[in-house]
Protein chains: 2
Amino acid sequence: MKKPATTVETIATTCIAGRIRVLNRVITNLYDNALRPFGMKLSQGNVLAVTAKLGVARPAQVCEILKLDTSTLSRTVDRMVDNGWLEVVPDDDGRSHPFRLTDQGRQLMERIIPAWEKAQVEAARLLGEDTLRMLDAAILRINMLDEH
Amino acid sequence: MKKPATTVETIATTCIAGRIRVLNRVITNLYDNALRPFGMKLSQGNVLAVTAKLGVARPAQVCEILKLDTSTLSRTVDRMVDNGWLEVVPDDDGRSHPFRLTDQGRQLMERIIPAWEKAQVEAARLLGEDTLRMLDAAILRINMLDEH
DNA sequence: CGACGATTGTTGCGTATACAAATTTCGTGA
DNA sequence: TCACGAAATTTGTATACGCAACAATCGTCG
């Protein structure tokens, strides 16, 4: 039964969030480098992928899945519409602004797959199998909380 | 020996980086909320903590530890100097701009500890012990690469 | 000494991120 | 119907992040 006695000097190495952020930067840069030739970054790629899965996507729904603030997604979608990868579709409910992939967006997804797979292999090698299993578990737990 | 046959619809749920980013957003928000009463966000808290550990810190060194681009740190340090938490110290080598905590910065660190600990407990509960172990392992592997 | 390459940071620019506040539209109850 | 609260999204503002280009300083080799 030892009391940890946190000191400012120990926080740097023990902070869970700090270490997740380091991980995030390293891995994100890896994918961003892989996607750069296509003029696309991972954050937009994720939106594209989720939209591909949903068919027609409502912003709130995508934000729920990606745990993104709606204001963040709003501007990301703007850029992707400008790039010709997404298009807004009309909806009965005037408050809703659903969107979907354009043909160009779907073609881009297809073209990107090899680069994405390469980054995926690299990331898996870098992190190790155990880490990947734990990532699955962590995401599961996070998603469970929302449904509760 | 099955070929995975990646399709655009499956990428959303399998992308390692995408899931790490989700994790990062959830956990970062948790700590940012805890630190908000102190006018401080986690990203600055990490710089503060690393600086506390180093005593006198050189930018390149902090960037190496946090895997941050030097341009990002440069501007974060500016803000923290403006806030009175860091001070730049002179150096023989005119290229170097090392910095350290001010008294005010160290006092802030001390005051923050309870809130940080609370977030830390919450994050640990949310992620589970196994995930924390994987985080240790992942960071270790990442740091090993640099030394190689 | 003096030019040149290497080291160390900073600036310009565009995207990503979230909170707070504003906006638009919807549903409902008087 | 119309007024008001709820729901869905956008705007305003500030920080975080990285790449490319620039700036400043240092070492060294001739």
Side-chain angles (χ1 to χ4, degrees), chain A residues 17-18 20-48 57-64 66-83 85 88-99, chain B residues 17-18 20-48 57-64 66-83 85 88-99:
Chain A
I20 289 181
R21 288 174 70 82
V22 169
L23 205 59
N24 181 54
R25 282 191 287 266
V26 171
I27 301 296
T28 293
N29 287 343
L30 200 152
Y31 284 72
D32 278 351
N33 290 338
L35 297 182
R36 186 161 308 120
F38 304 92
M40 140 96 73
K41 301 222 292 178
L42 178 61
S43 42
Q44 299 192 16
N46 287 143
V47 173
L48 211 56
R58 293 184 310 104
Q61 190 181 11
V62 174
C63 288
E64 168 60 28
L66 293 177
K67 306 288 183 261
L68 261 178
D69 192 87
T70 58
S71 65
T72 300
L73 181 65
S74 178
R75 284 174 263 236
T76 296
V77 169
D78 282 350
R79 291 183 196 106
M80 294 176 72
V81 169
D82 289 345
N83 286 338
W85 302 333
V88 175
V89 303
D91 192 282
D92 288 342
D93 189 331
R95 294 169 298 185
S96 183
H97 281 204
F99 51 85
Chain B
I20 288 181
R21 289 174 70 81
V22 169
L23 204 60
N24 180 55
R25 282 190 289 265
V26 171
I27 301 296
T28 292
N29 288 343
L30 199 152
Y31 284 72
D32 278 351
N33 290 338
L35 298 181
R36 184 160 309 120
F38 304 92
M40 140 97 71
K41 301 221 292 178
L42 178 61
S43 41
Q44 299 192 16
N46 287 145
V47 172
L48 210 56
R58 294 185 310 103
Q61 190 183 9
V62 174
C63 287
E64 168 58 29
L66 293 177
K67 307 288 182 253
L68 261 179
D69 192 88
T70 58
S71 65
T72 300
L73 181 65
S74 177
R75 285 175 262 235
T76 296
V77 168
D78 282 349
R79 292 184 194 104
M80 294 176 71
V81 168
D82 290 345
N83 286 337
W85 302 332
V88 174
V89 303
D91 193 282
D92 286 343
D93 188 332
R95 292 169 298 184
S96 184
H97 281 206
F99 51 85

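Naming convention: chains lettered A, B, ... in sequence-line order (proteins, then strands); numbering from 1 in each chain. Because only heavy atoms are used, hydrogens play no part in the values below, and waters and symmetry mates are left out as well, while side chains stay in.
- With a 4.5 Å cut-off on side-chain heavy atoms, A:M40 and A:L48 count as touching.
- Nucleic acid contact class of B:L68 (heavy atoms, under 4.0 Å, all strands): sugar-phosphate only.
- Counting any heavy atom pair closer than 4.0 Å across all strands shown, A:D92 reaches sugar-phosphate atoms only and no base atom.
- Between the CG atom of B:L66 and the P atom of D:dA16 there is a distance of 12 Å, rounded to whole Å.
- Applying the 4.0 Å criterion to OP1 and OP2 of C:dT10, one finds that B:S74 has a side-chain N or O inside that range.
- Across the protein-nucleic acid pair, B:L42 atom CG and D:dA14 atom P stand 21 Å apart, rounded to whole Å.
- A donor N or O paired with an acceptor N or O is not found under 3.5 Å between the base of D:dC17 and the side-chain atoms of A:T28.
- Within 4.0 Å of A:S96, counting heavy atoms only, lie sugar-phosphate atoms of the nucleic acid but no base atom.
- Contact annotation for B:D32: no contact, since no heavy-atom pair falls under 4.0 Å across all strands.
- In terms of heavy atoms, A:N24 sits closest to B:I20 at CA-CG2, 3.7 Å.
- Under a 3.5 Å cut-off, the side chain of A:R25 and the backbone N or O of B:L66 do form a donor-acceptor pair.
- One interatomic measurement links the two molecules: CG of B:N33 to C1' of C:dA20, which rounds to 14 Å at whole-angstrom precision.
- Counting non-hydrogen atoms under 4.0 angstrom, B:D91 reaches nothing in the nucleic acid.
- Counting any heavy atom pair closer than 4.0 Å across all strands shown, B:D93 reaches sugar-phosphate atoms only and no base atom.
- One can find a donor-acceptor pair under 3.5 Å joining the base of C:dT7 and the side-chain atoms of B:R95.
- Of the inter-residue distances, the one linking B:T70 atom OG1 with B:R75 atom CZ reads 9.5 Å to the nearest 0.5 angstrom.
- Between the side chains of A:D32 and A:T28, no donor-acceptor pair of N or O atoms lies under 3.5 Å.
- The CD atom of B:E64 sits 12 Å away from the P atom of C:dT8 (whole-angstrom rounding).
- Residue whose closest nucleotide on DNA chain C sits further toward the 5' end, between A:G94 and A:K67: A:K67.
- Positionally, the nearest nucleotide of DNA chain D for A:Q61 lies more toward the 5' end than for the other of A:Q61 and A:R25.
- For A:R75 against C:dG14, a side-chain-to-base donor-acceptor contact under 3.5 Å is absent.
- For the pair B:K41 NZ and D:dA16 C1', the computed distance is 7 Å after rounding to whole Å.
- With the nearest nucleotide of DNA chain D identified for both A:V26 and A:P59, A:P59 has the one nearer the 5' end.
- Regarding A:M80, its CE atom lies at a distance of 13 Å from the C1' atom of C:dA16, rounded to whole Å.
- Counting only N and O atoms by type, the side chains of A:R36 and A:N33 include a donor and acceptor under 3.5 Å apart.
- Following rounding to the nearest Å, A:N24 (CG) and C:dT17 (C1') show an atom-to-atom distance of 11 Å.
- Among the heavy atoms of the strands lying under 4.0 Å from B:S43 are primed sugar atoms or P, OP1, OP2 only; no base atom is included.
- Under 4.0 angstrom from either OP1 or OP2 of C:dT10 there lies at least one side-chain N or O belonging to B:H97.
- Listed pair A:T72 / C:dA16 fails the phosphate criterion, with no side-chain N or O lying under 4.0 Å from OP1 or OP2.
- Side chain B:T70 to base C:dG9: no donor-acceptor pair is found below 3.5 Å.
- A:Q44 has its CD atom 14 Å from the P atom of C:dG14, to the nearest Å.
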